[in-house]
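A quick write-up on the structure given underneath.
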2 protein chains.
Amino acid sequence: MSLRIALLGLLSSSGPASGYDLTKKFEVSINHVWQAGHSQIYPELAKLAADGLVTVEAEGARGRKTYAVTPEGRAEVHRWMMEHVPAEPARSENALQAFLLPLLDAPEAVAVLERMSAVSRARLGHLYELKVANPPASGRLGVHALELGIMQTESFLTWATTTIDALRHDA
Amino acid sequence: MSLRIALLGLLSSSGPASGYDLTKKFEVSINHVWQAGHSQIYPELAKLAADGLVTVEAEGARGRKTYAVTPEGRAEVHRWMMEHVPAEPARSENALQAFLLPLLDAPEAVAVLERMSAVSRARLGHLYELKVANPPASGRLGVHALELGIMQTESFLTWATTTIDALRHDA
DNA sequence: TATCCCATGTAACACGTTACATGATTAC
DNA sequence: GTAATCATGTAACGTGTTACATGGGATA
């Protein structure tokens, strides 16, 4: 369900695009929010076309198909945004490792937390790059999600640091 | 993969339990970190037994089977904790709505953000209850994950509030 | 004896990942 | 001509969700 919304959303904001284009756009923008590879995107576009939410606007060289959102497609995104209450993720490997941390002894737990911190700092760096590349012009899809991602990653880092300190004091 | 680890982790910490017990434990403790229903848990326990990571310690009334972790099972959790680098979630309906927020006009966006806030406040309340019920005794599985969940939810709320304010000023 | 909780399972379907497979066009 | 990139798809497999199905034991 959400993949269709993501595709319709991108098409709504950026205008017509091919499956190939959308795959690339996923990689560079929406990726930190919703991942999908071409093997998921192509069949989903076909279904969206069958359901009348997008149309094949043009067929170009190399079998390239350019898709455009229909009014029904726009309505579908709008409805989802206004009515759908997001299911909270509640399935995070990071959180699972956090949960099971007490199974380790203190030095091991610290090592795990430090690895997590390193990964998070890298992620944070990546998000800052995105922010610099896509300056926060309002109206641009993704600005708010980027801020959210940065805040969440920072708060994860704070948690990791705090927990490392606590474990060091215990030991 | 992660479901096995979650099951092995619970069995490691709490001692032998049945599929039914584990299903209940998921609901009240690990649930905010990794969800699973009985229809996933029963087959997974069978596989774990087939792989020698747990054993059927006893068979009681009503076909009840009590599972216990084997040393191999403990080793498996330990290895996963030390070696497995968690894949970041990168698939969150909340974040997707955040991403697509610019498709809405300001009052609509504020309404969406307020709904998100309400859900988050409820979640936060639930997590606080868990914290009170399970006082932070070190060594107890889940203490750290609970702190993490609370911090993440709080930072989500901060983001929502900040974004609402920004949208109100724009409008 | 009826209802609730214990207790376990299977089946159908949706979603996601990885790998396989193919071919056209462009740039060197 | 050959390598990189454009461009699209399918298949196999693993994981997750919902619904279906069954029955024993305790309690009112």
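All chains are named by letter (A, B, ...) in the order of the sequence lines, taking the proteins before the strands, and each is independently numbered beginning at 1. Every heavy atom of this structure was used, including side-chain atoms; hydrogens, water molecules and symmetry mates were not.
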[X] [atom1] to [N] [atom2]: how many Å, rounded?
| X | N | atom1 | atom2 | value |
| --- | --- | --- | --- | --- |
| A:Glu59 | D:dA7 | CD | C1' | 12 Å |
| A:Phe26 | C:dT17 | CZ | C1' | 15 Å |
| B:Asp21 | C:dA7 | CG | C1' | 10 Å |
| A:Gln35 | D:dT15 | CD | C1' | 16 Å |
| A:Arg64 | D:dT5 | CZ | P | 17 Å |
| A:Lys24 | D:dT8 | NZ | C1' | 14 Å |
| B:Ile41 | C:dG9 | CD1 | P | 12 Å |

Roughly how far, to the nearest 0.5 Å, is the [atom2] atom of [Y] from the [atom1] atom of [X]?
| X | Y | atom1 | atom2 | result |
| --- | --- | --- | --- | --- |
| A:His32 | A:Phe26 | NE2 | CZ | 11.5 Å |
| B:Leu148 | A:Met116 | CG | CE | 8.0 Å |
| A:Glu88 | B:Thr153 | CD | OG1 | 7.5 Å |

Any salt bridge between A:Arg4 and A:Glu44, counting N to O under 4.0 Å?
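Yes, charged N to carboxylate O under 4.0 Å.
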
Can you tell whether the side chains of B:Glu76 and B:Arg79 come within less than 4.0 Å, N to carboxylate O?
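So B:Glu76 pairs with B:Arg79 through a salt bridge.
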
Please tell me whether B:Glu108 and A:His78 have a donor and an acceptor in their side chains that are separated by less than 3.5 angstrom.
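On atom types as modelled, these side chains qualify, holding a pair under 3.5 Å.
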
Distance only, no hydrogens: is a donor on one side chain within 3.5 Å (strictly under) of an acceptor on the other, for B:Arg123 and B:Gln152?
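Result is no, nothing qualifies.
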
Extract from the structure each pairing of a protein N or O with an N or O of nucleotides 10-15 of chain C at less than 3.5 Å, listing the distance.
unit_1 : atom_1 : unit_2 : atom_2 : d
C:dC15 : OP1    : A:Met1 : N      : 3.0

Any sub-3.5 Å donor-acceptor pair from B:Thr66's side-chain atoms to B:Ser18's backbone N or O?
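No, the answer is negative, given that no donor and acceptor are paired below the 3.5 Å cut-off.
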
Phosphate oxygens OP1/OP2 of D:dG9: is one of them under 4.0 Å from a side-chain N or O of A:Lys65?
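Checking A:Lys65 against D:dG9: at least one side-chain N or O falls below 4.0 Å of OP1 or OP2.
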
Can you find a side chain N or O atom of A:Tyr20 that sits less than 4.0 Å from OP1 or OP2 on D:dT8?
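For D:dT8, OP1/OP2 do not have a side-chain N/O of A:Tyr20 under 4.0 Å.
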
For nucleotides 22-28 of chain D, give me every protein contact, N/O to N/O, under 3.5 Å, one pair per line with atom names.
none

Of B:Gly63 and A:Leu3, whose nearest nucleotide on DNA chain C comes first from the 5' end?
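With B:Gly63 and A:Leu3 compared, the 5'-side residue is B:Gly63.
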
Assign the ring pair B:Phe156 / B:Trp159 to parallel, tilted or perpendicular, where the plane angle (0 to 90°) is split at 30° and 60°.
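B:Phe156 vs B:Trp159 ring planes: tilted.
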
